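In this chain, residues are counted from 1 in sequence order. Numbering of ligands and ligand atoms starts at 1, following listing order. Just so we're clear, the structure is a prediction, and the values are computed from it rather than from any experiment.
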Amino acid sequence: MHDILPKDEKYWKPMYKTISDLAEHFQFSRIETPILEEVGVFVRGIGKGTDVVDKEMYVFEDKDTTKVAMRPEMTAAVVRAYIMHGFWNMPQPTKLWYWGPMFRHDRPQAGRYRQFHQIGFENFGSNDPSVDAELILVAFDFFKDLGLPVEIKINSIGTLAERANYKNELVNYYRSKRSYLCEECRQRITKNPMRLLDCKETGCQTVKEEAPQIINWLGAESKNHFMKVLEYLDVLEIPYQLDHTLVRGLNYYTNTVFEIYTTDEQEGSQSALGGGGRYDLLVEEMGGRPTPAAGLAIGLERVVLALKQYNEKNNREMPKVPTDAYVAQLGEEARRVTMKIINQLRGVGIKIAFNFFKTSLKNQMELADGLKAPFTVIIGQKEVQDSTAIIRDMESGIQEIVDQKKLVTVLKRKLGRFDDKR
Ligand code: AMP
C-alpha cells in the first residue's frame, strides 16, 4: 500500500478532471459503493478459480461473524447495487461510472500495489455492439486527453456454450503439451483452462501461440457482434490489435473483451493500463433480471507510472493550472487587506498565489516569477492607507495603481479571458 504524495498531484488532478468531463459528455452518472461488501458479492461475481478470489482478496470476519471482503474491483459491487436499487426501472441503458480504491493482496512489484485506484464505466441494459465501442472510445479518449499514446487489444470469448466447446478443445490440446508447461499452467488445465492463455512464463509461450483459437468456435451471432464492434472502432479510428490469447482474469466476461496498453516503449514488464468487456450474464447470476451489460476499469497508479516514463522521455510536462496573479503584502495591516482581496479574486475565478510567511517584497517577487504569474498585486502600508493596490505587469515591469474597489474589474480586463458580464 502506498501514499499518494503532493508531488504527484499534477497527475492525479488532470486524471480526475478528464474522467469527470468524459463521464458528463457520455452521460454516465457517478456511483459509489462501500469498500466492504459481504464476501459472496465478489465470490459469486468474479468467480472461484480466479486469482482475485482465490489468492488476492482481503477477507475477514466482522464482529457479528459476517464474512466481509475489501472490494478487489467494483463491477460485482455495482451489479449488486444495480439489483438492490431496482435500476432496471430507470430508462435503459443505465450508465454508471466510479472512482475509488481497490484492495488485492497481490505480489508487490512496479505498478502492482495492494491498495490501488480504479476508475470504471459500466453500461447496463443493451447488448448492442455500439455499447462495447462506446466504452472503448471513453477509455481511448481518457488517454488521448492525458497525452499518452495507447492501443487496444481485443478479442471475443463468445457465449458460455461456445466457450464450453472451445474449453474442451483447449484442455485436450494442453494435456498433450503437459510436459512443456509451468507448474501453474498444469493446475490451470483442470482449475481454470481459459487462464492458460494468459500465462506470461517464457516456457509456455510456444504452446500458447499454437493453441486453438476461440474465434473458430464462435457462432454466427457472436461473430457478427464482434465484427460490428471492430467496424465501430475503424470508424472512430481507434488503433486495435486482435489478440486471440486475451481472456481477462475475471470469470464474468462474455463476447467482447479488451485491454489497453501504451504504445510507448516502456521499461519493465508491459502490463495493461486497463481492460473490460461484456458481461451479459452477471446481473442474472447475481440474482437480478437478465440484463446485458458491459464495462471497463482503468488502474490509475499504472497510468501515472506510464505517464511519468513517457513524459520524461519526451521532455513533456503535465499541463499546470496557470497562476493569474501573485498577491504580495508588506506588513501586518496589509496582510489583513490581502486576506480579503485574495478571497474576492478567488470568488470571480482568478487563480492566485500568495505566501504570508514571506515578508520581503524581493522574496515574494521571486515566488511570483517562479510561478510565471503574469501579474503581481502589491499591497503595502501606503496602499492600505489609500485603499489602493499596485498591479505590476511581470513581463514589462510597468506598474499601475488602482482603487481597491476596482481591482477585480481591472485585473479581469488585463487577464482578458473573462466574460465582462460575469
Ligand atoms: P482488473 O480489474 O484485474 O481487470 O484490472 C484492471 C486494471 O486495474 C489493470 O489493468 C491495472 O491497471 C489495475 N490493477 C489491477 N491490479 C492492480 C494492482 N495490484 N496494483 C495496481 N493496479 C492494478
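Each of Val229, Ile260, Asp243, Val257 was evaluated against Ile154; a single residue qualifies, Val229, per the side chain to side chain contact (heavy atoms under 4.5 Å, CB included) test. The side-chain hydrogen bond (donor to acceptor under 3.5 Å, both in side chains) with Arg278 is formed by just one residue from the set Asn127, Asp132, Asn123; it is Asp132. Paired with Pro212 under the rule side chain to side chain contact (heavy atoms under 4.5 Å, CB included), one option of Asn168, Leu170, Asn172 passes, and it is Leu170.
With sequence neighbours excluded, the residues forming a side chain to side chain contact (heavy atoms under 4.5 Å, CB included) with Arg114 are Met1, Tyr58, His105, Pro108, listed by chain and number.
Heavy-atom proximity to Ala272, at under 4.0 Å, picks out these atoms of ligand 1: 9 (C), 10 (O), 11 (C), 12 (O). Ligand-side atoms of ligand 1 in range of Leu273: 10 (O), 12 (O), range being under 4.0 angstrom from any heavy atom. Near Gly111, meaning under 4.0 Å from one of its heavy atoms, ligand 1 places the atoms 20 (N), 21 (C), 22 (N). Annotation for ligand 1: atoms under 4.0 Å from non-hydrogen atoms of Gln118 are 2 (O), 5 (O), 6 (C), 7 (C), 8 (O).
In the candidate list Glu73, Arg104, Arg248, Arg104 is nearest to atom 3 (O) of ligand 1, counting heavy atoms. Among Tyr113, Phe116, Tyr253, the residue whose heavy atom sits closest to atom 22 (N) of ligand 1 is Phe116.
Taking the centre of each ring, Tyr166 and Trp217 come in below the 6.0 Å mark.
Side chains of His117 and Glu301: a donor on one and an acceptor on the other come within 3.5 Å.
Distances between N or O atoms of Gly274 and those of ligand 1 include at least one value under 3.5 Å. Geometrically, ligand 1 and Ile298 share no nitrogen or oxygen pair separated by less than 3.5 Å.
Applying the side chain to side chain donor-acceptor pair (under 3.5 Å) rule to pairs touching residues 142-153 yields Glu151-Gln241, sequence neighbours excluded.
At least one heavy atom of Arg112 sits less than 4.0 Å from an atom of ligand 1.
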